[in-house]
Trainee: 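Here's a structure for you.
In what follows, every heavy atom counts, from backbone to side chain, and hydrogens, waters and symmetry copies are set aside. We count ligands from 1, going down the list as the structure has it; atoms in each ligand are counted the same way.
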Amino acid sequence: MSLQLYDTLSRQIKPLHPEDGRIFRFYCCGPTVYGPAHIGNFRTFINQDILRRTLEVAGLNTRHVRNLTDVDDKTIAAANREGCSLREITDRWTDRFHEDSEKLGLLPPHEEPRATDHIQAQIDMIVRLVEIGHAYATDEGSVYFRVSSYDDYGKLSRLKEREITHDHAPAGSDRMDADEYERDSVCDFALWKSHKPTDGSVSWDSPWGPGHPGWHIECSAMSRIYLGDTFDLHAGGVDLLFPHHENEIAQSEASNGKPFARHWFHNTHLMVEGQKMSKSLGNLFTVADAIERGYGPRALRYVLMSGHYRQQLNFTWASMNAATSAIKRIDKAAAHLAEASGRSIDQINSEIGHSPANGSEWNGLQKAWQALCDDLNVPAALGGFFKAIPELESKKNRDEAILAQDRMHRFLYALGLLPETMQSVTAPEEIIALANERWAAKESKDYATADRLRAKLTETGWKVLDRKDGFDLEPL
Ligand code: AMP
Ligand code: ZN
């Protein structure tokens, strides 16, 4: 079954295929590196990761480009606040972003260009836009894109130029400077920003004097370098739809004279405990916050992928408990199949990591896979997967188990939830003693004592699982 996905530009679900017939080339707007990425950012990056993995399991080669925004008003303000260079700040938070991404099982993009490493390409694009009449420089040395010069402006957001006024401040306009009074029209947006005293040492030379690029131009310039004028898909959170992506289209199509992205993939925002994430509410949780509370990063990934990407998802700490159980269930099923097939979990994971494409039937996982291919319906895919687990686990014949194991791991690769070998945790001596005491009470039919001791074990964080001839202890 071919993969299809909703396209924000045409407002239609469309099949995905590489235009060149070989490699599916896509660009994702990456993080602004001035602080830790929060779980909302990671909801978006995880859905992009699942899209890539699903394309790969479907047999396509991908080229995934995701930029690092390492110069804008926020990064400059952070460097000034902390009294260090822009590069020091952005390097520090880039490293942290990479660490968190790895914990969450995100595949590194094939290219991760930094805006500050591509200043000349951005200047070149701006020069071209000025030459052909789509942009103008002001007396104080800034350059603006003239929105009225580009007829298609607003085609992505369906926002007509005349609707954009100061009162009607478009979402994302906090990225525009309030003091940009030199613009010919309030709709025009900055391509180059002249140096201000608050920029400190952050400055590059340009034909219009010292300054730094506006935020939108970096994605137009870098996507062109790494993917060409036209590429298969462009992705980002829904807040970027306007003005960022609208402006990217205007800059790229006006300067290159070619269509820009063929498909637009936007991810709806994450809410936390029913509220919008914000610094003032103190709910900008990070990967570190989840780990500090004792949760594994796989459980966090599970929660962040558990809602359909086009619907709002509400994060709660309670949902992390259910996700932890779901992850355990996955690992348990994988352990069963590993025993029946004689192939270890790590062995099959590494084989699939090298060549994820599934060349044949999905057997019991057909429905789950179809859900993934149908507008990346992850919740339906997870539902189908859990429903299929008992049937998969029941394979005792070695050949059947090998086949089931292959399908299961391949499907989980697409979700970025490859199983792990369950850690056998040894309980401390006093816990084992308590559990032995309980077992003895149970054997002598003193159920009241046995129940009391079980409750005590639960209180200390241990679960007793009775077998016919003894018991197992599992941390809660
Ligand atoms: P930023 O670092 O602010 O440039 O954002 C990085 C990515 O995270 C962008 O694609 C944003 O659209 C996305 N994003 C920001 N906030 C949220 C949120 N609450 N939920 C989902 N995605 C978000
Ligand atoms: Zn961008």
Trainee: Could you verify whether a donor N or O on one side chain and an acceptor N or O on the other, from Arg224 and Ser255, lie under 3.5 Å apart?
Mentor: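 Ser255 and Arg224 do not have a side-chain donor-acceptor pair below 3.5 Å.
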
Trainee: Which atoms of ligand 1 sit under 4.0 Å from any heavy atom of Phe45?
Mentor: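 Every atom of ligand 1 under 4.0 Å from some heavy atom of Phe45: 6 (C), 7 (C).
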
Trainee: Heavy-atom pairs closer than 4.0 Å: do any link ligand 1 to the side chain of Leu240, the backbone, both, or neither?
Mentor: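 Answer for Leu240: side chain.
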
Trainee: Closer than 2.8 Å to the Zn ion (ligand 2), how many protein N/O/S atoms do you count?
Mentor: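 Of the protein's nitrogen, oxygen and sulfur atoms, 4 lie under 2.8 Å from the Zn ion (ligand 2).
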
Trainee: So, regarding Arg43 and ligand 1 (criterion: nitrogen or oxygen to nitrogen or oxygen, under 3.5 Å), is there a contact or not?
Mentor: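 No, Arg43 has no N/O under 3.5 Å of an N/O on ligand 1.
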
Trainee: Out of Asp239, Thr44, Val272, who gets a non-hydrogen atom closest to atom 11 (C) of ligand 1?
Mentor: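 Heavy atom nearest to atom 11 (C) of ligand 1 belongs to Asp239.
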
Trainee: Taking side chain to side chain contact (heavy atoms under 4.5 Å, CB included) as the test, write out the residues that go with Asp124, two or more places apart.
Mentor: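 Here the qualifying residues are Gln120.
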
Trainee: Under 4.0 Å from any heavy atom of Gly30, which atoms of ligand 1 are there?
Mentor: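 Here the atoms of ligand 1 in question are 4 (O), 6 (C).
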
Trainee: Check Met277 against ligand 1 and report side chain, backbone, both or neither, counting heavy atoms closer than 4.0 Å.
Mentor: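 Side chain only.
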
Trainee: My understanding is that only residues two or more places apart in sequence, or in another chain, count here; which of them pass side chain to side chain contact (heavy atoms under 4.5 Å, CB included) with Asn321?
Mentor: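 In terms of side chain to side chain contact (heavy atoms under 4.5 Å, CB included), with neighbours along the sequence ignored, Asn321 is linked to Tyr295.
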
Trainee: Evaluate Tyr153 against Phe145 for ring pair (Phe, Tyr, Trp, His ring centres under 6.0 Å), listing each step before the verdict.
Mentor: CA-CA 11 Å; Tyr153 193 82; Phe145 187 93; 7.1 Å; no

Trainee: Could you tell me whether Asp229 and Arg25 have a side-chain N and a carboxylate O separated by less than 4.0 Å?
Mentor: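 Here Asp229 does not pair with Arg25 in a salt bridge, since their nearest N and O are not under 4.0 Å apart.
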
Trainee: Just checking Tyr413: does its OH atom have more than 12 heavy atoms from other residues, nucleotides or ligands closer to it than 6.0 angstrom?
Mentor: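 Yes, enclosed.
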
Trainee: May I ask you to decide if Lys276's main-chain N or O and Asn283's side chain share a donor-acceptor pair within less than 3.5 Å?
Mentor: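 Confirmed, Asn283 side chain pairs with Lys276 backbone.
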
Trainee: Are any of the side-chain nitrogens in Lys193 or Asp73 under 4.0 Å away from the carboxylate oxygens of its partner?
Mentor: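 Salt bridge: yes.
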
Trainee: Could you tell me whether Leu270 approaches ligand 1 through its side chain, its backbone, both or neither, with non-hydrogen atoms closer than 4.0 Å?
Mentor: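 For Leu270, the contact with ligand 1 is made by both the backbone and the side chain.
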
Trainee: Does Arg66 pair with Asp49 as a salt bridge, N-O distance under 4.0 Å?
Mentor: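 Result for this pair is no, no salt bridge flagged.
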
Trainee: Just to verify, what does Ser223 make a side chain to side chain contact (heavy atoms under 4.5 Å, CB included) with, not counting sequence neighbours?
Mentor: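 Result, side chain to side chain contact (heavy atoms under 4.5 Å, CB included) vs Ser223: Tyr27, Phe231, Phe260.
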
Trainee: Can you name the atoms of ligand 1, numbered from 1 with element, that are less than 4.0 Å from a heavy atom of Pro31?
Mentor: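 By the 4.0 Å cutoff, the relevant atoms are 2 (O).
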
Trainee: Is Thr69 near ligand 1, meaning one of its heavy atoms is under 4.0 Å from it?
Mentor: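 Thr69: no contact with ligand 1 (<4.0 Å).
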
Trainee: What atoms of ligand 1 come closer than 4.0 angstrom to any heavy atom of Gly237?
Mentor: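 The list of qualifying atoms is 10 (O), 12 (O).
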
Trainee: Kindly confirm or rule out a cation-pi arrangement of Arg329 over Phe386, judged by NZ or CZ under 6.0 Å from the six-membered ring centre and within 45° of its axis?
Mentor: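 No - Arg329 does not lie over the ring of Phe386 by the 6.0 Å and 45° rule.
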
Trainee: Answer with yes or no whether the side chains of His98 and Glu112 bring together a donor and an acceptor at under 3.5 Å.
Mentor: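 There is such a pair between these side chains.
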
Trainee: Pull out every atom of ligand 1 sitting under 4.0 Å from any heavy atom of His38, numbered as shown with elements.
Mentor: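 That gives atoms 16 (N), 17 (C) of ligand 1.
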
Trainee: Can you check which of Asn41, Thr268, Leu304 brings a heavy atom nearest to atom 13 (C) of ligand 1?
Mentor: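 Checking each option, the heavy atom nearest atom 13 (C) of ligand 1 is found in Asn41.
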
